[in-house]
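Heads up, the thing below is written out as structure tokens.
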Amino acid sequence: MASKRTQALLYARRAAMAGIALLLLVAGVRSSWGTAQHVMLSKGREHGTLTVASCGGETCTGPYTPEGRTANHPRVTIEKSIAAKKGARLPVVLKPGTTEAVRAGAPGILHAWAPLGGALLLAALVVAGGLRTTRLAWGAALAGGALLGAAFLAL
């Protein structure tokens with residue numbers, strides 16, 4: 001039988017690994033929510049179409065054509081992705097009070113939640129190695145991989 005000290009160390013290790021896994025998941029949700037809120041809660045926001053005119057290192061810009069009666073923005077920026085090629089027409093939602101756009105619809109939702117997919121993959125490693133719960137680790141890894149794969153295919 002293990003001593004009380006050994007048992008305490010095992011519990012401390014498990015608590016630390018659970019805390020690290022939880023921290024990874026909270027960080028994934030927090031970094032995803034900054035963009036996802038504009039796509040998922042888009043009622044009352046400006047919707048339209050962005051035609052990509054040029055792309056720089058991290059962003060693409062182009063003219064914005066609104067849906068309905070909203071202000072016309074001559075230059076709108078969007079985060080650069082593999083789908084943003086010159087001349088591409090992307091459905092977007094504008095962030096309130098800015099000329100920054102985020103992809104709308106299912107591709108936008110999947111792209112916004114991609115950081116959570118990466119966090120799930122990282123947490124799966126911590127859960128498998130630190131907590132020794134392989135079923136939970138496989139579930140987290142499959143969920144994160146499916147989210148990242150779906151985001152890649154949707155864009």
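No hydrogens, no waters, no symmetry mates; every other heavy atom, side chains included, goes into these values. Please read all numbers here as calculations on a predicted model, not as lab measurements.
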Within-4.5 Å side-chain heavy-atom neighbours: Y64 and L94: yes
Minimum heavy-atom distance between V93 and H38, given as atom pair plus value: CG1-O, 3.6 Å
Within 6.0 angstrom of R30 CZ, more than 12 heavy atoms from elsewhere: no
Spacing of L50 atom CG and T99 atom OG1 [to the nearest 0.5 Å]: 10.5 Å
Approximate separation, where rounding is to 0.5 Å, of L148 CG and F152 CZ: 11.0 Å
Student check: side-chain heavy atoms of T61 and V76 closer than 4.5 Å: no
Any donor-acceptor N/O pair, K80 side chain to C55 backbone, under 3.5 Å: no
Steps toward side-chain contact (heavy atoms from CB on, under 4.5 Å) verdict (W113, M40): CA-CA 11 Å; W113 287 105; M40 295 176 71; 3.2 Å; yes
Sidechain-backbone polar pair: R103 side chain, V92 backbone, donor-acceptor under 3.5 Å: no
Contact check, side chains of V126 and L24, non-hydrogen atoms, under 4.5 Å: yes
Flag if over 12 foreign heavy atoms under 6.0 Å of CD, E79: no
Beyond-backbone contact of K95 with V102, side-chain heavy atoms, under 4.5 angstrom: yes
Flag, side chain of T35 to backbone of S32, donor-acceptor distance under 3.5 Å: no
Short side-chain to backbone donor-acceptor contact, H47 and P91, under 3.5 Å: no
Non-hydrogen atoms of R75 and S54 that approach each other most closely: NH2-OG, 4.0 Å
CG on L116 to CG on L110, rounded to 0.5 Å: 11.5 Å
From L9 atom CG to S3 atom OG, the distance as rounded to the nearest 0.5 Å: 8.0 Å
Nearest heavy-atom neighbours spanning A119 and G28: CB-CA, 3.8 Å
